[in-house]
Amino acid sequence: MSRGEEEQIPLYIPDAPHRPGDSSSFEPWKWHPEDLKKPKFDCDANETYEHAVGLVRVLDDNGEALGEWNPNLTLEELKLGLEHMVRLRIFDDRMMKMQRTGKLSFYMQSFGEEGIAIAQTMALNNEDWIFPTYRQPGAQFVRGRDMVSMICHCIGNIEDNVKGRQMPVHYTYKKGRFISISSPVGTQFSQAVGVALASKYKNLNEVTITWIGDGASAEGDYHYGLNFASVFKAPIILNVVNNHWAISTHYNIASGSNNFATRGLAYGIPCFRVDGNDFLALYSVTKWARERAKMGFGATHIEILTYRAGAHSSSDDPSRYRPSNEHEYWPGGDPILRLKEHLIKNSQWTEKEQEELEEKIDEEVITAYKEAVKYGDLANGPYPSSDTIFTEVYESVPWHLQEQWDEMKKWSVE
Amino acid sequence: MVEMNMVQSVNSALDNMLDKDQDVLLFGEDIGYFGGVFRTSDGLQEKFGKHRVFDTPLSEGGIAATAFGMGINGLRPVVEIQFADYIFPAYDQIVNEIAKVRHRSGGEFWCPITIRTPAGGGIRGGHHHSQSPESQFTHTPGLKVVYCSTPYNSKGLLISSIESNDPVIFFEPKRCYRGPFYGDPHNVPTWKNHSEAEVPEEYYKIPLGQGRLALEGDNCTVIAWGTMVHVSERAIIESGISCDLIDLQTLLPWDKDIIIKSVRKTGRCVIVHEAPKTSGFGSELSASIQELCFYNLESPIQRVAGWDTPFPHTTEWDYMPSTSRIIGAIKKTQED
Ligand SMILES: Cc1ncc(C[n+]2csc(CCOP(=O)(O)OP(=O)(O)O)c2C)c(N)n1
Ligand SMILES: [Mg+2]
């Protein structure tokens, strides 16, 4: 094909700021807990511009809780939040170990992001709907899901409530209003608007919360979700979890701007950016958004700024594409340590109590694990019956599936 | 010739084409710096530069649309959809736009793009890392559809696809990237010492529209593509029945001659694919074979396919066509 005569200017292609072999660094945060005030619940989108380009924080660098956004949680609530985060981290460690022995086919950790779903779910009411991605399993602990049943799903045994049909971490927990997770990224984000509008239509005082990754925010579903939520004033909390990475792809390849929060402003939705490793800030912003939704003013859009400390999944080796210890440089630190240090600082907690908590949870996870493998695991079976391939495809089994089902029984490898 | 697995052979085809034609660009999710989640573009960004091989936002619709635009403006993009299951956000762009632009513009614009995508089951991928959606594209006029099965044919077919001035959907059976799959999940061979793993490092082509006779025999014609070529090969050997095994390679337009010739000889036919049976590409072949070879057929054509259900996770070996099901079908063709 023909080309211009000028010396060729190659395409502009962005890259991650640091790759293996580079030393990591992040700009020091210029945001402080007392910077931002709470807007009115019926505010216009443009009144939240500062909240979108700034960062909502409660815990300062010294572990002090400051400013208007401090949710002033009771000690009981704070300890519960800490406990659930520790629970998730220890649970994840155990699952990763089991994955390596073949007891699960695959696993995805929440490492470094434990606070997000836990703080946000704690800020909601039990009737509110949760439409998660694979990185918000922690919400289930808040909603009281039995850990044994979570493990049974992950190891695909006969007690898996989704009957071995989906890969691990694709939980479903309707009792806790935790909606079934699907692999195609982003789809939940726009669907969640429908969930929220249904609640509204039924005149129920329920709010829906959903999340999407920085990477997946490039999918159309993100934009459908924002637009429908805006047009119909859906009672919904729309979160983008910016953990810097989508597998090997840095967020500056997901978006040409380095801010995800402000995108909602163009849709007329109030926007916040929040410190994703600050349990109190997450709780507080979510509570505000829930209040706004409940009052009928519609959606809130939140960028949760964090760093994916672990590998994308058990199949991933991040040392191939980023400096291996980069998460240690993240100005937001570790969500568990930050809440712990805050409590210790206020003389509400001690290192010893923390140790005891970790031992207790470790015990809890091991006990749950032992119980779960009694019902089988992926390496050794028993598995859900192969009949589960044919059930629940439709409400009832049509003739052509019945014929195939009968055919399968002739050849079953069980 | 050197020995390659199918990751290396695909990489080699991309390497040759980037080298040969500066209008060839590679892009997709995680394919640039990282070299792809299956490593098929490993080293190519470093070799050819970021403006030739690059990562995109996580947006299959955006990838396909951008490829469309580049294609009609004279470039020859080769894009990757990370898993065939994730091609659907791009479906509108592919089916309504890419496939039809030559026709709708009276031949003024066309789209010489290749959409590569790993497909098929056998990796414990559950619903959304296992599907084989070829018939969703063979039902679309304007597309060519290719499904490779070995290191040797993946390279030759991929080069032909990239050089095609029509858009090509190129399926790579991910279960076979590192070795053929013979239907036994506990036996994990590599491509080592396999005759189809001898691959020239240089440019070569296998024409689109031609099947490959993988085994020769007299009593039945078995037609398969992708991973099922290898499962069928093992089944044929175990059945003890002398069969032609046709690796179809290109599904659209498919090789009518090789099939007619074989079915006229054997009078019996089994079609094997992973995708669900109903409206699978086997239905098209079966209907055409009875139109073309009705008087040669000695028994009803058999289809061995995935069930008409979502692809399962823990029970995937009960879903994927097994050697025993294929043997059963071959034997059935011998009954009447
Ligand atoms: C539609 C679709 N395309 C591609 C994939 C493969 N994939 C799974 S997760 C992922 C990265 C997601 O990154 P992000 O949205 O940032 O979420 P994170 O993993 O960081 O939580 C990709 C590309 C997918 N699951 N779905
Ligand atoms: Mg991410």
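Reminder, nothing fancy here: chain letters follow the sequence lines and each chain counts from 1. What you see is a predicted model, and the numbers here were worked out from it, not measured in a lab.
- In this structure the side chain of P310(B) reaches within 4.5 angstrom of the side chain of V393(A), judged on heavy atoms.
- Residues of residues 39-50 of chain B lying under 4.5 angstrom from chain A, judged on non-hydrogen atoms, are R39(B), K50(B) in numerical order.
- Between chain A and the options G35(B), P89(B), G125(B), G62(B), the largest number of non-hydrogen pairs under 4.5 Å is found for G125(B).
- Residue contact with chain B, scored on non-hydrogen atoms closer than 4.5 Å, involves the side chain of L401(A) exclusively.
- Of the two parts of P318(A), neither the backbone nor the side chain holds a non-hydrogen atom closer than 4.5 Å to a non-hydrogen atom of chain B.
- The minimum heavy-atom distance linking W411(A) with G328(B) is given by the pair CH2-CA, 3.7 Å.
- Looking at E60(B), both its backbone and its side chain come within 4.5 Å of chain A, counting heavy atoms on both sides.
- Residue H223(A) holds its NE2 atom at 8.0 Å from OG of S59(B), rounded to the nearest 0.5 Å.
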- prompt: Going through the checks in order, is the side-chain contact (heavy atoms from CB on, under 4.5 Å) test met by H313(B) and M167(A)?
  reply: CA-CA 6 Å; H313(B) 175 244; M167(A) 285 172 79; 4.0 Å; yes
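- One distance of note links CG of D55(B) with CD1 of I253(A); it measures 5.0 Å at 0.5 Å rounding.
- Looking at R52(B) and P10(A), their side chains never come closer than 4.5 Å, going by heavy atoms from C-beta outward.
- Only the backbone of T56(B) comes within contact range of chain A, judged by heavy atoms closer than 4.5 Å.
- Residues T314(B) and P384(A) come closest through the heavy atom pair OG1-CD, 3.6 Å.
- Of the two parts of D85(B), neither the backbone nor the side chain holds a non-hydrogen atom closer than 4.5 Å to a non-hydrogen atom of chain A.
- In this structure, Q404(A) and D308(B) approach most closely via the heavy-atom pair OE1-N, 2.8 Å.
- For chain A, the option among Y86(B), F83(B), W307(B), F54(B) with the highest count of heavy-atom pairs below 4.5 Å is W307(B).
- Ring to ring, Y321(A) and F34(B) are close: their centroids are under 6.0 angstrom apart.
- At most 12 heavy atoms of other shown residues, nucleotides or ligands fall within 6.0 angstrom of atom CH2 in W110(B).
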query: Hey, mind stepping through E29(B) and T249(A) against side-chain contact (heavy atoms from CB on, under 4.5 Å) and telling me if it holds?
result: CA-CA 8 Å; E29(B) 296 159 14; T249(A) 304; 5.6 Å; no
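- In this structure the side chain of F390(A) never reaches within 4.5 angstrom of the side chain of P312(B), judged on heavy atoms.
- Rounding to the nearest 0.5 angstrom, the gap separating the CD1 atom in I13(A) from the CZ atom in F27(B) is 9.5 Å.
- Counting heavy-atom pairs closer than 4.5 Å to chain B, the top residue among S105(A), P184(A), A254(A), G156(A) is P184(A).
- Heavy-atom distances place no part of H250(A) under 4.5 Å from chain B, backbone and side chain included.
- Of all the heavy atoms in L58(B) and G215(A), the pair that sits closest is CB-O, 3.3 Å.
- For a residue to count as touching a neighbouring chain, one of its non-hydrogen atoms must lie under 4.5 Å from one of that chain's; by this rule V162(A) does not touch chain B.
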task: Go through S248(A) and D30(B) one step at a time and tell me if the side chain to side chain donor-acceptor pair (under 3.5 Å) criterion holds.
output: CA-CA 6 Å; S248(A) 74; D30(B) 301 294; 2.6 Å; yes
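- Taking the centre and axis of the six-membered ring of F106(A), the NZ or CZ atom of R124(B) falls outside the cone set by 45° and 6.0 Å.
- Neither the backbone nor the side chain of N157(A) comes within contact range of chain B, judged by heavy atoms closer than 4.5 Å.
- S183(A) and H127(B) form no side-chain donor-acceptor contact under 3.5 Å, judged by distance and modelled atom types alone.
- Within 6.0 Å of OH on Y91(B) lie more than 12 heavy atoms contributed by other residues, nucleotides or ligands.
- Summarising the geometry, atom NE2 belonging to H128(B) is positioned 7.0 Å from atom CD belonging to Q166(A); distances are rounded to the nearest 0.5 Å.
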